[in-house]
Amino acid sequence: MKSKIAEAFDNCKKEKRSALITYVVAGDNSKKNSIKILNAISQHADIIELGFPHNTPIADGGQIQESSHRALKKGIELEDVFQIVKKFKKKNQKKPLILMGYYNLIYQSGENSFLNKCKKTGVDGIIVVDLPYPENKKFAKKCKKKSINFVQLLSPTTTKERIKKIINDSHDMIYYISMLSTTGGKLKLHPKTILKNYFNIKKLCKNKNLVIGFGITNKTISALKSADGLVVGSILCKTITNCIKKRQNPVTKLDKMVYQLRRMVA
Amino acid sequence: MKLQKNVPLIDQHDKNFMYGGKFGGNFIPETLKKPIDDLTKLFAKLRKDKKFLRERDHYFTNYIGAPTPFIKLDNLTDHLGGAQIYAKVVSEANGGAHKIYNATVHCLIAKKAGKKYIIGDTGAGYAGKMLSMAAKKFGLKCKIFMGAKDIKRQRPNVEAMRKNGAEIVPVTTGSQTLVDAVSECMRYWVSNCDTTHMCVGSTVGPNIFIKICAFSTAQISRELIQQVKEEFGKIPNKLKLINCVGGGSSAAGFWNEFINTHAELIGVEAGGPKNSKLHAAPLSKGSKIGILHGAAQYVIQDKEGQIGSTESISAGLDYPGISPLHCFLKDTKRARYTSASDEEALKAYQLVSKFENISPSLEPSHAFAEAIKLAPKLNSSEVIIVNSCGDSLKDKDIIKQKLGSYIR
């Protein structure tokens, strides 16, 4: 049976467009709002990435750090994250959802117990920022057994030899990090350069869905739309931050923003 | 879990870079895989390269001032009655602390790697001060990441870094101490690993940084084992080597050459204020294994895996994790770990400074506190050596505030 993630990409390919993947942090800026935000943006986004917050994130820039900090301050725990997933999935069964975070939280839950909760609540995929290949082999296998996608990451520093091995060990989706940066950095490379690197990798994995993330905003997304999928995260987190400052409703703001982003990838 | 004989401690890991199958490893973002791999290969080559080792020894002797003194603390010994107390005065090294060894070796490696920029984290400011000094010496541009809280409490070292021409990046996230400085430094490296060399200030972080740091500080025990043999004619039958542990770099270096001897190794963590629940003592106060800054280790955390808050009067020990090497030494029972409170450390500083010509900073004062506790209970044939790895001058403000006056 095809995974929901693979189906989402198939649909986009039929519509001859890039898949839009959005990232927000679970529980930002509250548990209730978080569910509302997911429900709103999933009308436009093809795949939902949901961050489970960690207080010592070594690969996240300021925007996502701030979102995580807000969620943790509200007392969000993994249990809450799974409740958010469950509620979201109840309403949006077909929409694929990927959990993203750091390994220590999975390690403390226990890999098996974490995956059981994922399965129970309907998580479709997992990204673990600090569990690279080949250290992730065992965990990736466990995910596959449960029909959960383990999303491998590639970066501009990944050697060709390594890229091949990682592709071999990947599932339906692979995440290409656009540049040397934490999340939310300013796009240091020209979109053309990023796409050139991207298609060099794509040649090696024609059947896989390869998405680009890091540094993508409403200003740069159109220029990259020939990719299989594009991840937008920090700009959404930043929008929530701004809404709080200006006392605006983050749900309607994000709804509008993701609607526009969706039009830009078509 | 077992230690291997005749294999250097830093090399006792498996193919996943784990010590005892449980500690260390490389839990890092994909982007850092290649730079860490490159550095691992380069270091493996350099540590076998006689020319490089000669170069290192040249700078250790002529720039750092090796060997640092090994002295008997006669007055303190007389006052306490009991074991003979000695100090390895590592604070006599250029810059005033053991951090200079790691900083110098990292700068040498950065030069070999063709990097022009070097970055580092700092808590007490020593790692930062030494890195800025060494960077200046070797012509590298230097950036130091330091928690905003530490910038305030370690002013003398901050001024020294500025004088050395380093850019100090204040870190205002989280607790604004060492843990956040290390995170921010790693994040900066993720974004700039193509041009920049990273120096982790202690025996923590991804495996290669643990190795380079312990390889560098091992100089302390290479000197000490000679000095001990000269003083006693052999390694005394009953010998205790006491060292403070935060990240664990000075203890790793102080003990390295003694691991295969009968010497007793005692690590002293920061117990925090007497009346506070907070501390920085993951080994002696029962923390669970978790992942912090790219390595599995005992770490202060909540049940979810969020890294916990710490508290210590000593900025250099104020870190929720601990080197995987020390986790390994603890679980193999080769070393034993205990803690000293803020108050005990202050008292120890006061006592040592009053009786002796040395004045330990608040970090080694934790080790002295344990020595002061143990010595009266022991026989005069027993020997205690404390690593006095920092000078109190940097803590002048804190000591004045806590004790009313500063003596040195």
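Residue numbering restarts at 1 for every chain, and letters A, B, ... go by the order of the sequence lines. The analysis underlying the following values was restricted to heavy atoms, covering all of them including side chains, and did not include hydrogens, waters or symmetry mates.
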Heavy-atom side-chain contact between [X] and [Y] under 4.5 Å:
X         : Y         : value
Met179(A) : Ser191(B) : no
Thr56(A)  : His293(B) : yes
Asn26(B)  : Pro132(A) : no
Ile291(B) : Tyr102(A) : no
Leu180(A) : Asn192(B) : no
Ile289(B) : Tyr107(A) : yes
Lys34(B)  : Arg162(A) : no

Flag, side chain of [X] to backbone of [Y], donor-acceptor distance under 3.5 Å:
X         : Y         : answer
Gln65(A)  : Gly174(B) : no
Thr182(A) : Arg187(B) : no
Asp130(A) : Pro29(B)  : no
Glu30(B)  : Tyr133(A) : no

Could you report the tightest heavy-atom contact between Glu304(B) and Leu78(A), atom names first, then the distance?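 Looking at all heavy atoms of both residues, the shortest contact is OE1-N, 2.8 Å.
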Greater than 12 external heavy atoms within 6.0 Å of [X]'s [atom1]:
X         : atom1 : result
Lys141(B) : NZ    : no
Lys288(B) : NZ    : yes
Lys202(A) : NZ    : yes

Which atoms of [X] come close to chain B, meaning under 4.5 Å heavy atom to heavy atom: side chain ones, backbone ones, both, or neither?
X         : answer
Asp60(A)  : backbone
Pro53(A)  : backbone
Ile58(A)  : both
Leu154(A) : backbone

Using non-hydrogen atoms and a 4.5 Å limit, figure out which bit of [X] sits close to chain A: side chain, backbone, both or neither.
X         : value
Asp194(B) : both
Thr173(B) : side chain
Leu292(B) : side chain
Asp37(B)  : neither
Lys303(B) : both

Verdict with reasoning, Gln301(B) to Asn104(A), per side-chain contact (heavy atoms from CB on, under 4.5 Å): CA-CA 10 Å; Gln301(B) 58 184 325; Asn104(A) 196 36; 3.0 Å; yes
Interatomic spacing from OG in Ser183(B) to CG in Asn55(A) - rounded to 0.5 Å: 8.5 Å
Any donor-acceptor pair under 3.5 Å linking the side-chain atoms of Asn16(B) with those of Glu135(A)?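 Absent: no donor and acceptor within the cut-off.
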Chain B contacts, top residue of Glu66(A), His69(A), Glu79(A), Gln108(A) (heavy-atom pairs, under 4.5 Å):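 The candidate making the most pairs under 4.5 Å is Gln108(A).
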